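Bear in mind the structure is a predicted one, so any value in this text is a computation, not a measurement. Chain identifiers are assigned alphabetically (A, B, ...) following the order of the sequence lines, protein sequences preceding nucleic acid strands; residue numbering begins at 1 within each chain.
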12 protein chains.
Amino acid sequence: MSMRISVIHGPNLNLLGARQPEFYGSDSLDEVNRRIKRRGEELGLDVRILWSNHEGEIIDAIHDAREWADAIIINPGALTHYSYSVRDALTAVRLPAIEVHLSNIHAREEFRRHSVVSPVVIGQIVGLGSLGYLLALEAIQRIVDASHT
Amino acid sequence: MSMRISVIHGPNLNLLGARQPEFYGSDSLDEVNRRIKRRGEELGLDVRILWSNHEGEIIDAIHDAREWADAIIINPGALTHYSYSVRDALTAVRLPAIEVHLSNIHAREEFRRHSVVSPVVIGQIVGLGSLGYLLALEAIQRIVDASHT
Amino acid sequence: MSMRISVIHGPNLNLLGARQPEFYGSDSLDEVNRRIKRRGEELGLDVRILWSNHEGEIIDAIHDAREWADAIIINPGALTHYSYSVRDALTAVRLPAIEVHLSNIHAREEFRRHSVVSPVVIGQIVGLGSLGYLLALEAIQRIVDASHT
Amino acid sequence: MSMRISVIHGPNLNLLGARQPEFYGSDSLDEVNRRIKRRGEELGLDVRILWSNHEGEIIDAIHDAREWADAIIINPGALTHYSYSVRDALTAVRLPAIEVHLSNIHAREEFRRHSVVSPVVIGQIVGLGSLGYLLALEAIQRIVDASHT
Amino acid sequence: MSMRISVIHGPNLNLLGARQPEFYGSDSLDEVNRRIKRRGEELGLDVRILWSNHEGEIIDAIHDAREWADAIIINPGALTHYSYSVRDALTAVRLPAIEVHLSNIHAREEFRRHSVVSPVVIGQIVGLGSLGYLLALEAIQRIVDASHT
Amino acid sequence: MSMRISVIHGPNLNLLGARQPEFYGSDSLDEVNRRIKRRGEELGLDVRILWSNHEGEIIDAIHDAREWADAIIINPGALTHYSYSVRDALTAVRLPAIEVHLSNIHAREEFRRHSVVSPVVIGQIVGLGSLGYLLALEAIQRIVDASHT
Amino acid sequence: MSMRISVIHGPNLNLLGARQPEFYGSDSLDEVNRRIKRRGEELGLDVRILWSNHEGEIIDAIHDAREWADAIIINPGALTHYSYSVRDALTAVRLPAIEVHLSNIHAREEFRRHSVVSPVVIGQIVGLGSLGYLLALEAIQRIVDASHT
Amino acid sequence: MSMRISVIHGPNLNLLGARQPEFYGSDSLDEVNRRIKRRGEELGLDVRILWSNHEGEIIDAIHDAREWADAIIINPGALTHYSYSVRDALTAVRLPAIEVHLSNIHAREEFRRHSVVSPVVIGQIVGLGSLGYLLALEAIQRIVDASHT
Amino acid sequence: MSMRISVIHGPNLNLLGARQPEFYGSDSLDEVNRRIKRRGEELGLDVRILWSNHEGEIIDAIHDAREWADAIIINPGALTHYSYSVRDALTAVRLPAIEVHLSNIHAREEFRRHSVVSPVVIGQIVGLGSLGYLLALEAIQRIVDASHT
Amino acid sequence: MSMRISVIHGPNLNLLGARQPEFYGSDSLDEVNRRIKRRGEELGLDVRILWSNHEGEIIDAIHDAREWADAIIINPGALTHYSYSVRDALTAVRLPAIEVHLSNIHAREEFRRHSVVSPVVIGQIVGLGSLGYLLALEAIQRIVDASHT
Amino acid sequence: MSMRISVIHGPNLNLLGARQPEFYGSDSLDEVNRRIKRRGEELGLDVRILWSNHEGEIIDAIHDAREWADAIIINPGALTHYSYSVRDALTAVRLPAIEVHLSNIHAREEFRRHSVVSPVVIGQIVGLGSLGYLLALEAIQRIVDASHT
Amino acid sequence: MSMRISVIHGPNLNLLGARQPEFYGSDSLDEVNRRIKRRGEELGLDVRILWSNHEGEIIDAIHDAREWADAIIINPGALTHYSYSVRDALTAVRLPAIEVHLSNIHAREEFRRHSVVSPVVIGQIVGLGSLGYLLALEAIQRIVDASHT
């Protein structure tokens, strides 16, 4: 059975492409998701993608991953900076997770430099645009593989 | 075609009138909304009003305004003080917006003095009760008109 | 008519038992709720219990308590640390409330030491596991009784 | 007898139009004052306007308002951020007052986000250019009228 | 042999009843102690109570509990906010302890929100008046019992 | 020749009596000044009194004291909290000075607890109403006398 | 019956004269106390003086004042900067109190600028050496007299 | 026509020579001004000098420079540390300006290390005594010349 | 000509494998470098690797990259947290750069959460062990390619 | 006559051996004191040792040292972190003093990193267990000897 | 013998001209050094110039100045903001020193506003480009001359 | 084989004796080193001493100690306050280390009170001059001996 990855996009990521392209690139979320799917297939991964503007749905999705997924890739959007609930959900499900940010959050407003989620994930890929998701797929696959050995 | 304004009320504003009238006045949200509607008609504006206790629905409503509205008037309630997601939504849709607070948030608890939303809107009207919404309608109309010239 | 108590559980409490048992104990939320119900019956209380991962639903539940309940017992989960909206909801409904935390939030990460909810409730019971809810039932009953005298 | 309003402009507002038009607009203080006067007449208000670069004269003008005015509209300029003396003057005269800022002080340097005056006035109108004064006239009229009922 | 509990009251608690009854209730310390004793008897506990205005005596009492008691219930009064010596004493004796505060320390002055003792006890019962001691007796009994299993 | 004392009142002190009598008492500045004069005569002191709402005039008055006075008694009003210029003036003239505040500045807003003037005067008399000036006269006389021995 | 004043000296004040005379003057505590006694007699006051290095004894003395004294004059020594217990004792006994410091605590180390006691006393006399006690006697007499009218 | 420079001295600089010569040197302001004048003549500059203890007059002088001067050299005295009004005046007139301080403000009290004016001038010359003004004349001449090329 | 990448390792990275393997993994720096080289070859990149414990040599290497490389991959070790000189070097050479950290710096000591380098690079890959370098190679190649289009 | 050293142990040091041996070692205070005595004899020192859980007794002991001792070795226990009274006592008696801590206070909780006592003693020996006292004896002997030359 | 000046350039100054010309100007370090040399010759000074990217070499150069130079002119580059070692070196050699910065460090990132070096030099010349070095030469010559008188 | 100790001196320690003798004593580094050597011989220790002004060389020396030494005694000079690289080196080599400072770093500038190195060494000896090194030799010998048992 192939490894299963839950990819979770947080608030405002649906506006990708239309929203501040200098930070987030000009591809729509659909295009990004297609690329994620394609890369997942190349790597032999079973990828499910969820997006929501609702913190509660993000938390529910993380909980659901407990039943279904081997790992999580998450871009919590602006929830990154205050949602201790998302953080606690990630801790609670005890799945390996990688945090992705499209833009370099350290080169923008001060508040974006602090992630409440970072201390409970394995690592972060930041500032590399949608490529970040693809690299995260590759990384999480190796990390899960290694932990199974 | 008349100018279209999306008016958005955040958490707990449904309790208006019943809730701490020394801060928020004794009118119910329905009464306030009627006044907003009436003033909108006087000014020749097409006004839609949304209230929600759910951050996600507030964000969705801001996104929807992209398709429909020329401008936004928003009172994010207590989300004002922590919802970077609402802030990012307002930035993403690139519509002129005015932030309204019924009570003088600078004369109450310390945490109310900081709005994470203020830096991304045009301006604020604070402490003038439900009159603030009516003034905001007048102001946003002039601002949108001016930007069309 | 018996006294009515609304018990509200916040995000991630559904994972009780499965989640970090060193902090939260090994009982599931169902077991905890059964114990709350049983203790309520012993005390002659009418107890309703709500859990949600959604801040908006927590706020709605607090508002609903206005119509139905005499008092609130709330464990806001990680919302404790940032949800000024939950705080404002508790203030707005003007019902006596007790805040419960299963783990000792003062013996964990720094951010858990600050509750934005504490200043608007009657008191807190912290670190005593699910027993905290049972003690809170007993306490809130006496407090409501005393205020009726 | 018509209601009397004292409008007070603080330091550097005399340079309006010439000074950073991207923040303050391109109208001169004279033009803004004419508009204030005209709007006052429309509303049946007796309006007196004072401008000074001297903190002491601002304080004197606030004191004088005690004898003459029913309310104050004040844009303290940069005194907003440090003049506890202006704040105490506003408190001492016990007249309703509205604070106006032409630019959105929350979207500029960090220091502009803190107003020492805000906690002692009724409310603020911020970021709406010279329109802010006109809206303030309308608001203060209603507020004074309401308090006389 | 019955379980033995050391109840320790810190500075100024002798003035209970006379002191700010809006915060601390109108019962004297004697009355509170009688109620503690009675509840202890109901629960089959051997309870000893000490009060002192002297930090050194509080520390001595905690040390003495090492020889005699199975658990500690402590209200350190204002020592809560600075006495790292009391904190170290509680750590050193390695007995389960519950911290009790009569008033809701989170709804008063800012300094009262920080307890230096909280990180080294099992939990806190705050804001429930003298009832807090009675609930603490019940809780500590269960906790000690559970740890003996 | 009798000792000469310069008494300096800062902004808003002219409103004494009319202004927040719960903090500042109900006597007018004229009455307070008469009392200061009378007490000065009793003590054989030559007292000159200046009041101004203008920081610049306060500074000028401190400079003038260099030529005329043996000591300064100053209540800088709200300038206390930010006027490093007044502080530097006091340092520059090298006269013994006592700082007086009518109200207990430590029992009011947080910002009033910090005086930029305190580190460069001999001492402070705070919270004792207009009596503070009379005690300051007595104190400064003894201090100047002692320094002449 | 004459008015009764409890004068309380905190830690290290017994070393007066021997200790850093540049800050505290060269008179011993005995000499200072004699002067306080003499001034008390002149004013027709019944003065009792207590000194202790023990925080607990300071608190006990404040409590005792409840039974005996009409007012308190207190120099808490270094307890000023951390003893919330002494603060609470002063609040609890509800007697008018004046805080005295021999040296100008605002012209020394940073930590001395913050007094936890100041917000709960009537006022402070700071930096005037032992004269501060004598002025405090005079002030407290007038304040108690005024409150009896 | 020769280049015109406005030199502006802030509060307390009139006491130069008499005031803390270890920081400010022993020359009077008259001597310093003579030296500035002489150096101006050597460089072929038309120099006008203003001194005031009044913040408002400093601001007025900066505004006047708009009409007359090609550049500003300013030592705002202690206004440096809080006068956002002086800062805004310098921004508003859009003239090149150099900030001069006689003493090394970084080697004295902590508050002197922060200048609210520095971010809006071209540069600073600090700690070089009255020579600082002479170097500033030379520098501003070159900078204005360069900008005219 | 193939794209050229300068890979720079900062202080203590030579101890890789021997040093805290729970954070940094058990591979030696030689093994990591071999893997970087191999991955570079696969991608058709010309990779040069430098390691130094000396901040100055790191800066020199960044400067040298100006002449030779198309992009930089840097793990500044603990210099990350204070070396504004390394930051300025990266800014000065104007080459695209990716910051790599082996361990999750957000899950360790507080000081490790702040990188002075992050605001001037394109992005970060954090917590993914030596895999981070390999992903960075892939990312930087795409980014440089994209910028050449 | 031999040199006389006062060794003072603060709160909770009586529990040495029993208390957190991973920090404080497994020797009892009696054993440590015997070792101190023995080392004192070897060095020809007259050593007196005091332990107390009472801040007041620690202060008294420091004062007594004025009459009897040539130097002080003090481990103030947790008083280290807040007792400005102990600090002032050490300053007041003007004896050379060395501060000893058994555990490395910089490798534990944040609050332990700040000692209010350190600025007024000669030096500190930290983290070397009971050996710290023995080294302090040797050091203080040399320092006192050197000051007598 | 002519006066000898050691001019020291810190990290990244070798990239002058190439690096952010909007901040640092377009002249190369060679050109700046030639201008420094030429100005030195005009003033009759013996000038030696050192540049290094290595903190250790900067410190060595400051130490060497002890043997050779009468004064130091130093632009520590980004070491300005953290190198307490450079600061201590400047203190240790006890030579007069002037700190030069090409750009206005107060008009850029927040971290650049704090110099750890400023408190131990005579003064600073900031924001005047390479002219700053030439003015510093002139200033240091006068200061050394004056100290020889 | 005798125990081997690496003694490492950081920046500016070569100026010992010449540099601020009120803090550092009047002995040169050579004299101090001779004393260290002699004491090492007395204790039967093999001591190697390194001094450098270069952070990189300090790190290299710590790494070299891995191969050669049983323990480290280090005085990092001002690197103490910012060099997380030195800290990481000490952690990485896993040798017992003692931190020595000649002067009492807690009685000087605020920045000296914070050591980034302290949390990763065994302990500190501070303020005892060059004697500190000798005591550290004795201590480290006992600690290494004990760990071998």
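Of all heavy-atom pairs between F:His54 and D:Glu57, the closest is CE1-N, 3.4 Å.
By the side chain to side chain contact (heavy atoms under 4.5 Å, CB included) test, F:Gln141 is found to be paired with F:Met3, F:Leu43, F:Leu45, F:Asp145, residues two or more places apart in sequence or in another chain being considered.
Scanning residues 62-101 of chain D against chain F with a 4.5 Å heavy-atom cutoff picks out D:His63, D:Arg66, D:Tyr82, D:Ser83, D:Tyr84, D:Ser85, D:Arg87, D:Asp88, D:Ala89, D:Thr91, D:Ala92, D:Val93, D:Arg94, ordered by number. For a heavy-atom cut-off of 4.5 Å, chain F lies close to no residue in residues 6-14 of chain D. Inspection of non-hydrogen atoms places no residue of residues 105-133 of chain D under 4.5 Å from chain F.
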